[in-house]
Protein chains: 2
Amino acid sequence: MDTSQLLKGVLDLAVLAVLREEDGYGYDVVRRLRAAGLSEVGDASVYGTLRRLYHAGALTTYVVPSEEGPHRKYYSLNGTGRDLLRRSAKTWREFAGVLTELVDHATKEAA
Amino acid sequence: MDTSQLLKGVLDLAVLAVLREEDGYGYDVVRRLRAAGLSEVGDASVYGTLRRLYHAGALTTYVVPSEEGPHRKYYSLNGTGRDLLRRSAKTWREFAGVLTELVDHATKEAA
DNA sequence: CGGACTATTCTGCATGACGCAGTACTGCGC
DNA sequence: GCGCAGTACTGCGTCATGCAGAATAGTCCG
């Protein structure tokens with residue numbers, strides 16, 4: 001029904017894409033994803049994804065103490081991460097292409 | 001890593017799309033999906049999806065005895081199913097658009 | 001006829017990702 | 001001090017995918 005199922009397997013890619021543009025901390029990544037149109041991402045999902053990607057060796061992290069609140073834990077793409085992004089992006093494009101074509105073909109002649 | 005996670009929440013849509021074109025039985029739907037490019041769908045997933053969609057009231061079913069093997073259980077889209085397909089397709093296009101844009105933007109300046 | 005193989009359906013269980021709800025800590029405004 | 005916003009993290013539930021396995025019905029081989 002909602003996008004929660006659609007997100008599965010795609011949040012990794014979305015997070016990588018966002019971090020590719022600029023390092024970011026969890027709370028901020030959530031906001032950026034929502035601003036990009038993924039309005040229904042839960043923060044817990046992002047933290048979980050960040051942790052998975054980190055343990056997978058795709059991200060490095062550093063803490064920046066903030067005087068305007070708690071510390072911020074920044075994440076940054078490393079070589080492995082950029083490589084993963086590239087491959088994931090390719091997989092996504094192929095997958096999305098196939099499915100879009102299937103859907104278009106099926107709904108073209110429908111009202 | 002593979003497409004199994006990508007499929008989540010999308011198999012419903014793919015099955016609906018395939019059935020929109022022509023009624024089909026499980027084994028056949030699997031083949032059609034694979035032929036369409038979704039080469040990694042598992043048959044058990046399709047049977048499960050078919051059952052979910054049926055219980056959701058999106059499909060009707062009828063059995064056709066086959067002379068070349070066991071009976072075939074055909075599934076057909078009804079009004080609810082076509083409506084679901086239309087709405088799911090819309091959701092998919094929006095979602096895919098957002099993500100593709102995000103990914104393109106992030107990988108544009110990458111090697 | 002027995003055995004093997006294909007077509008076809010279905011179920012049990014494991015895996016794993018998303019997210020709600022809750023915890024915790026830091027400054028700021030009142 | 002109280003509460004609210006920013007920020008991080010975790011436990012548990014839910015649910016879809018899929019592997020492995022079972023069962024039935026025909027066909028072909030010897």
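Residue numbers begin at 1 in each chain, while the letters A, B, ... track the order of the sequences.
The distance from atom CG of A:Leu50 to atom C1' of C:dC18 is 14 Å, rounded to the nearest whole Å. Rounded to whole Å, the distance from CG on B:Asp43 to P on D:dG21 is 14 Å. When rounded to the nearest whole Å, the span between CG of A:Leu38 and P of C:dA17 equals 17 Å. Atom CG in B:Asp12 sits about 9 Å away from atom C1' in D:dA16, given to the nearest Å. For the pair A:Tyr47 OH and C:dC25 C1', the interatomic distance rounds to 12 Å; values are reported in whole Å. To the nearest angstrom, C1' of C:dT8 lies 12 Å from OH of B:Tyr75. Taking atom CG of residue A:Asp23 and atom C1' of nucleotide D:dT7, one finds them 17 Å apart after rounding to whole Å. One can place OH of A:Tyr74 at 11 Å from C1' of D:dT7, the figure rounded to the nearest angstrom.
Phosphate contact (OP1/OP2 of D:dA8, side-chain N/O of A:Arg72, threshold under 4.0 Å): absent. OP1 and OP2 of D:dA8 both lie 4.0 Å or more from every side-chain N or O belonging to A:Arg51. Listed pair A:Ser45 / C:dA17 fails the phosphate criterion, with no side-chain N or O lying under 4.0 Å from OP1 or OP2.
A donor-acceptor distance shorter than 3.5 angstrom exists from the side chain of B:Arg34 to the backbone of B:Val41, with no hydrogens or angles considered. Side chain of A:Asp12 to backbone of A:Leu53: no donor-acceptor contact under 3.5 angstrom is found. A:Arg20 places no side-chain N or O within donor-acceptor distance of the main-chain N or O of A:Leu85, the cut-off being under 3.5 Å. With hydrogens and angles ignored, the 3.5 Å screen pairs no side-chain donor or acceptor of A:Asp43 with any backbone N or O of A:Tyr27.
Residue contacts for A:Gly9: at a heavy-atom cut-off of 4.0 Å it reaches the sugar-phosphate backbone alone, with no base atom in range.
With sequence neighbours excluded, no residue satisfies side chain to side chain donor-acceptor pair (under 3.5 Å) with B:Tyr54. A:Tyr25 is linked by a ring-ring contact (aromatic ring centres under 6.0 Å, His included) to A:Tyr74, counting only residues two or more places apart in sequence or in another chain. Among residues two or more places apart in sequence or in another chain, the salt bridge (Lys or Arg N to Asp or Glu O under 4.0 Å) test is passed with B:Arg93 by A:Asp104.
Using a 4.0 Å cut-off on heavy atoms, the residues of residues 25-34 of chain A that approach DNA chain D are A:Tyr25, A:Gly26, A:Tyr27, A:Arg31, listed by number.
Across C:dC20, C:dT8, C:dC18, the shortest atom-to-atom separation from the side chain of A:Arg52 is found for C:dC18.
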Margin query: Could you go through A:Val103 and B:Leu16, starting from their C-alpha distance and side-chain angles, then the distance that decides it, and tell me whether this counts as side chain to side chain contact (heavy atoms under 4.5 Å, CB included)?
Written below: CA-CA 9 Å; A:Val103 169; B:Leu16 287 171; over 6 Å; no
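Clustering of Ile, Leu, Val, Met, Phe, Trp and Tyr by side-chain heavy atoms under 4.5 Å joins A:Val63 with none of the others.
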Sort me out a list of protein N/O and nucleotides 22-28 of chain D N/O pairs below 3.5 Å, or just none if empty.
from, atom 1, to, atom 2, distance (Å)
D:dG26, O3', B:Glu67, O, 3.3

